[in-house]
Amino acid sequence: MSRACDFRVTLLGTGVPTPVPDRFGPSTLIEAGDEKLLIDAGRGASIRLYQLGVPMGAVDALLLTHYHSDHTVGIPDVWLTGWLQSHFGTRKRPFRVIGPMGAEMLMGHLEKAYAADIKIRIEDEKLPAQGVAVEVEEFDRDGSVYERGGVTVIAFQVDHGDAIKPAFGYRIEYAGRRVVISGDTRPNANVVEHASGADLLIHEVAIVRPELASEPFIQRIMAHHTTAREAGLIFKRTKPKLAAFTHLVFLASEQVPPASIDDLIAETRHTYGGPLVVGEDLMSFSIGETVQITRATHRET
Ligand SMILES: [Zn+2]
Ligand SMILES: [Zn+2]
């Protein structure tokens with residue numbers, strides 16, 4: 001990490017459930033001072049951390065936004081592979097998970113599912129039992145959920161649809177700077193409130209070509225997300241130093257291809273003219289006086 005800036009955000013996965021290799025499942029790494037936080041652990045989060053040279057065991061806490069599987073299927077990998085004492089793992093302390101109500105149940109069941117592996121590796125490889133222990137903290141309302149090393153994380157409720165509750169976004173504060181991650185949500189006033197004047201607003205987005213827009217299955221999905229024009233309005237109201245898209249929901253059918261990145265930008269430009277970037281896996285943001293975009297490369301740790 002550059003010495004000039006010790007607040008850095010890296011998109012580990014900018015995708016959705018679609019199993020494509022260039023956009024892994026939703027996951028974002030926050031590095032602020034000595035703290036390393038993971039927001040969600042979708043498919044491939046462990047691989048992206050490895051590409052960055054960040055040992056999984058170095059992650060101080062995993063914060064969950066909601067319980068759609070695309071945001072959680074990477075958890076057992078980060079948890080268990082991160083326990084191995086090779087350079088990519090190294091965890092010797094409990095795996096800390098912070099999430100809305102439901103985190104306890106998810107992690108409790110994972111501990112049962114992997115009980116045999118845990119038993120085997122403690123006996124056979126003499127791995128430290130502490131390193132696979134799980135510490136879960138649940139919350140059920142807006143407020144601070146993490147405070148350490150000068151980093152404050154505030155959870156705030158969002159609106160991912162009536163059946164998908166709880167669903168939260170996160171506001172991360174460090175050294176007078178503010179980064180907001182929308183989580184999965186429809187356009188939501190709480191995002192606007194927490195993201196107003198943020199240094200970086202990372203927002204989800206969904207797009208579909210007009211010829212598919214009236215299909216019921218498309219409408220069902222779109223009703224859970226934010227369109228590019230709607231996201232543009234949120235950016236216009238909150239005026240972040242930089243607005244970034246992640247969790248790119250590109251809907252398509254066998255006959256109708258997905259929209260393009262250019263379509264996504266053009267749609268957003270109908271409502272927003274400010275700084276905007278479409279996120280890619282391993283895109284990094286240095287949060288200083290300005291917000292700089294870099295392509296993360298392998299870093300020695
Ligand atoms: Zn979701
Ligand atoms: Zn999602």
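From a predicted model like this one, the values you see are computed outputs, not experimental measurements.
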Linked, directly or transitively: L248 and V180 (ILVMFWY side chains, under 4.5 Å) | yes
Note, I39 side chain near I30 side chain (heavy atom, < 4.5 Å) | yes
To the nearest 0.5 angstrom, please state how far the CG atom of L200 sits from the CD atom of Q292.
-> 12.0 Å
Is there a donor-acceptor pair under 3.5 Å between the side chain of T271 and the backbone N or O of T268?
-> yes
For T72 and D40, what are the C-alpha separation, side-chain angles and deciding distance, and is it a side-chain contact (heavy atoms from CB on, under 4.5 Å)?
-> CA-CA 6 Å; T72 62; D40 287 333; 5.7 Å; no
Output for pair (R48 CZ, L29 CG), nearest 0.5 Å, gives 13.0 Å
Near D34 CG, under 6.0 Å, is it more than 12 heavy atoms from other residues, nucleotides or ligands?
-> no
Taking a hydrophobic cluster as the set of Ile, Leu, Val, Met, Phe, Trp and Tyr residues connected by side-chain heavy atoms closer than 4.5 Å, whether directly or through intermediates, do I164 and I218 fall within one such cluster?
-> no
On a heavy-atom basis, the closest approach of G57 and T90 is CA-OG1, 3.9 Å
Y170 side-chain N/O to L64 backbone N/O, donor-acceptor pair under 3.5 Å = yes
Is it true that a side-chain atom of K165 and a backbone atom of D162 form a donor plus acceptor pair closer than 3.5 Å?
-> no
Assess whether atom CZ of R237 is packed by more than 12 heavy atoms of other residues, nucleotides or ligands within 6.0 Å.
-> no
Pair H224-D184, side-chain donor/acceptor within less than 3.5 Å | no
No-hydrogen, no-angle side-chain donor-acceptor test under 3.5 Å, Y174 and E35 = no
Look only at the side chain of D199 and the backbone of R177, and say whether a donor-acceptor pair between them is shorter than 3.5 Å.
-> no
Hey, any chance V158 and I234 share a hydrophobic cluster, counting ILVMFWY side chains that come within less than 4.5 Å of each other, even indirectly?
-> yes
Once you round to the nearest 0.5 Å, how far does NZ of K92 lie from CG of L127?
-> 10.0 Å
Closest heavy-atom contact between S27 and A45?
-> OG-CB, 3.7 Å
Does some side-chain heavy atom of W83 sit less than 4.5 Å from a side-chain heavy atom of R121?
-> yes
How about Y146 and I172: do any of their side-chain heavy atoms sit closer than 4.5 Å?
-> no
When rounded to the nearest 0.5 Å, the distance separating CG of D263 from CD1 of I207 is 5.5 Å
With sequence neighbours excluded, give me every ring-ring contact (aromatic ring centres under 6.0 Å, His included) pair touching residues 244-279.
-> H71-H247, H225-H247, F235-F245, F235-Y272
What is the distance from atom CG of D142 to atom CG of N190, rounded to the nearest 0.5 Å?
-> 5.0 Å
Working for side-chain contact (heavy atoms from CB on, under 4.5 Å), residues L38 and V78 | CA-CA 10 Å; L38 211 54; V78 171; 4.2 Å; yes
Would you please say whether a donor-acceptor pair under 3.5 Å links the side chains of T185 and D159?
-> no
What side-chain donor-acceptor pairs closer than 3.5 Å can you find for residues 131-141, not counting sequence neighbours?
{"from": "E137", "atom 1": "OE1", "to": "R96", "atom 2": "NH2", "distance (Å)": "3.2"}
{"from": "E137", "atom 1": "OE2", "to": "R96", "atom 2": "NE", "distance (Å)": "2.7"}
{"from": "E137", "atom 1": "OE2", "to": "R96", "atom 2": "NH2", "distance (Å)": "3.3"}
{"from": "E138", "atom 1": "OE2", "to": "G102", "atom 2": "N", "distance (Å)": "2.9"}
{"from": "E138", "atom 1": "OE2", "to": "A103", "atom 2": "N", "distance (Å)": "3.1"}
{"from": "E138", "atom 1": "OE2", "to": "E104", "atom 2": "N", "distance (Å)": "2.8"}

Note: G89 and P55 closest approach over all heavy atoms is O-CB, 3.6 Å
Any idea how F95 and W79 line up, ring-wise: parallel (<30°), tilted (30 to 60°), or perpendicular (>60°)?
-> parallel
Considering residues at least two apart in sequence or located in another chain, which fulfil the side-chain contact (heavy atoms from CB on, under 4.5 Å) criterion with E230?
-> P187, T226, T227
Return the set of residues passing salt bridge (charged side-chain N to carboxylate O under 4.0 Å, His left out) with D60 (not counting sequence neighbours), or none when no residue passes.
-> R93, R148
Report yes if some heavy atom in the side chain of E280 is under 4.5 Å from a heavy atom in the side chain of R295; otherwise report no.
-> yes
Under the ring pair (Phe, Tyr, Trp, His ring centres under 6.0 Å) test, residues paired with Y67 that sit two or more places apart = none
Is there side-chain contact between T290 and K241, with at least one heavy-atom pair below 4.5 Å?
-> no
Look at the side chain of R229 and the backbone N and O of R269, then say whether any donor-acceptor pair between them is shorter than 3.5 Å.
-> no
Minimal non-hydrogen separation, P100 against T65, with atom names | CG-O, 3.7 Å
Evaluation steps, side-chain contact (heavy atoms from CB on, under 4.5 Å), between I154 and H194 = CA-CA 9 Å; I154 291 148; H194 285 273; 4.0 Å; yes
Would you name the heavy atoms of I122 and A129 that are closest together and state the gap between them?
-> CD1-CB, 4.0 Å
Test item: P76 and Y114 side chains (from C-beta on) under 4.5 Å apart, heavy atoms = yes
Decide side-chain contact (heavy atoms from CB on, under 4.5 Å) for L52 and L12; before the verdict, give the C-alpha distance in whole Å, the side-chain angles of both, and the deciding distance to 0.1 Å.
-> CA-CA 9 Å; L52 288 175; L12 301 182; 3.6 Å; yes
Looking only at atom types and distance, does a side-chain atom of T152 sit under 3.5 Å from a main-chain N or O of E147, one as donor and one as acceptor?
-> no
Step by step, work out the salt bridge (Lys or Arg N to Asp or Glu O under 4.0 Å) result for R186 and E204.
-> CA-CA 9 Å; R186 310 194 270 213; E204 72 119 81; over 6 Å; no
Heavy atoms, side chains only, cut-off 4.5 Å: are E215 and V256 in contact?
-> no
Single-linkage hydrophobic cluster I202~V249, side-chain heavy atoms < 4.5 angstrom | no
At what distance, to the nearest 0.5 angstrom, does CG of L49 lie from NZ of K36?
-> 10.0 Å
Can you tell me if CD on E289 sees more than 12 non-hydrogen neighbours from other groups inside 6.0 Å?
-> no
Under a 4.5 Å cut-off applied to non-hydrogen side-chain atoms, are I287 and V179 in contact?
-> yes
Please list, one pair per line, the donor and acceptor atoms closer than 3.5 Å that link side chains of residues 15-25 to other protein atoms, with sequence neighbours excluded.
{"from": "R23", "atom 1": "NH1", "to": "T14", "atom 2": "OG1", "distance (Å)": "2.7"}
{"from": "R23", "atom 1": "NH1", "to": "G279", "atom 2": "O", "distance (Å)": "2.8"}

Closest heavy-atom pair, D77 versus S46, reported as atoms and distance to 0.1 Å, is OD2-OG, 2.6 Å
Would you mind checking if R171 and E173 are paired as a salt bridge, meaning a charged N to carboxylate O distance below 4.0 Å?
-> yes
Honestly curious: do L282 and V54 fall in one hydrophobic cluster under the side-chain, below-4.5 Å linking rule?
-> yes
